[in-house]
Amino acid sequence: MQQHIHWFPGHMAKARRVIGEHLKLVDVVIELLDARIPVSSSNPMIEEITRNKPRIIALNKADLAEAEWTKRWTTYFATQGFSVVALEAVSGKGTKNLVSLVEQAAAPVIERLVAKGIRPRPVRAMILGIPNVGKSSLINRLLGTATVRTGDRPGVTRGQQWIKIGRNLELLDTPGVLWPKMEDQTVAFKLAITGAVPEEVYDREHVVDGLLTLMREHYGSMLTERYGLSVIAADNTELLSAVGRSRGCLRSGGLIDLEKARMILLNEFRSGKLGRVTLDQPEESTDSE
Ligand SMILES: Nc1nc2c(ncn2[C@@H]2O[C@H](COP(=O)(O)OP(=O)(O)OP(=O)(O)O)[C@@H](O)[C@H]2O)c(=O)[nH]1
Ligand SMILES: [Mg+2]
């Protein structure tokens, strides 16, 4: 059984170059993070890549994360000096707030143009984020119509134009796909269970085993409620069997189809059907002096 999750997207150098070229065109960067894993879904080189461009942090999929932790993360990033917004790209919640933060962040640039006697132009922005974090969904939302393709698997977006959003904002229609941190296996595990890395790169049995352990430790009641369990079995295989039994995942001879149970559990966890989860938590700010 493959224990480790190895995924080094082949085109990091190319991605970096393309993003670098696009960056020259924009005033502001919108960095999408997954609100469930704001640290694990960040790119290890984001500072280096975006350099001195103003950067706005959007905690996307906020509907899937625990609201209280999203608040704490928002405070955390604000304390670090970032403009930050909680976002739900699919429903559009938070997009107005995001657009006004983008305009605010770019105001000094536009003012400088005006001071030079250049006619004010719309603010230009681009979206950056790791695969499957919701870049295309946000573009679609901002467009108001679904003309940019989105998908529930990483790696859908290929091929660029400006999208005009209202009168004051232009968005590059090609988001920058950042590579995730994959060296740390804890991070890689969180990326796998939230759906940020392709299924082919990890062993489902191993990852779901980790998910069951995590759930029993932190979110046990989600399992009992969702699958109607009276107890949480001490053993992960037994627990998985119970999930499968409650979902009628049976094979001939009355055996439980564990693979089917794994897929149900993963899908329901990812889509928030089990409940809202936050897997990265900011360190408590210490109040020493
Ligand atoms: N629940 C929820 N799902 C979201 C949200 N934003 C995006 N999604 C879902 O996440 C999946 C990936 O969204 P995309 O917009 O395709 O992500 P992407 O960043 O463009 O992905 P790549 O093109 O593969 O890099 C889709 O199934 C979306 O419906 C959100 O705010 N909440
Ligand atoms: Mg996309």
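We're numbering straight along the sequence, starting at 1. None of the values given here were measured: they were computed from a predicted structure. Each ligand, and each atom within it, is numbered from 1 in the order the structure gives.
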Heavy-atom distances under 4.0 Å decide this one: backbone, side chain, both or neither, for Asp63 against ligand 1? side chain
So, [X] and [Y]: side-chain donor and acceptor under 3.5 Å apart, yes or no?
X: Asn236; Y: Thr213; value: yes
X: Ser91; Y: Glu88; value: yes
X: Ser42; Y: Lys181; value: yes

Hey, is the Mg ion (ligand 2) within less than 2.8 Å of some N/O/S atom on Asn132?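 No, since none of the N, O or S atoms of Asn132 sits under 2.8 Å from the Mg ion (ligand 2).
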Could you say whether the N/O atoms of [X] and ligand 1 ever approach to under 3.5 Å?
X: Val177; answer: no
X: Gly134; answer: yes
X: Ala89; answer: yes

Begin from the C-alpha positions of Arg226 and Tyr219 and carry the test side chain to side chain contact (heavy atoms under 4.5 Å, CB included) through to its verdict. CA-CA 11 Å; Arg226 179 85 188 161; Tyr219 297 107; over 6 Å; no
Can you list the atoms of ligand 1 that are under 4.0 Å from a heavy atom of [X]?
X: Leu64; result: 1 (N)
X: Ser137; result: 7 (C), 13 (O), 14 (P), 15 (O), 28 (C)
X: Lys135; result: 15 (O), 17 (O), 18 (P), 19 (O), 20 (O), 21 (O), 22 (P), 25 (O)

Of Leu59, Asp34, Val90, which has the heavy atom at the shortest distance from atom 29 (O) of ligand 1?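 Ranked by closest heavy atom to atom 29 (O) of ligand 1, first place is Val90.
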From Leu178, Asn132, Asn140 - option closest to atom 12 (C) of ligand 1 by heavy atom: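 The nearest heavy atom belongs to Asn132.
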Stepwise, does the side chain to side chain contact (heavy atoms under 4.5 Å, CB included) test hold for Arg16 with Trp179? CA-CA 9 Å; Arg16 219 187 144 178; Trp179 58 97; 3.8 Å; yes
Sorted by chain and number, sequence neighbours left out, side chain to side chain contact (heavy atoms under 4.5 Å, CB included) with Ser83 holds for Ile56, Leu101
Between Trp162 and Leu25, is there a side-chain heavy-atom distance shorter than 4.5 Å?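 Heavy-atom side-chain distance check passes, below 4.5 Å.
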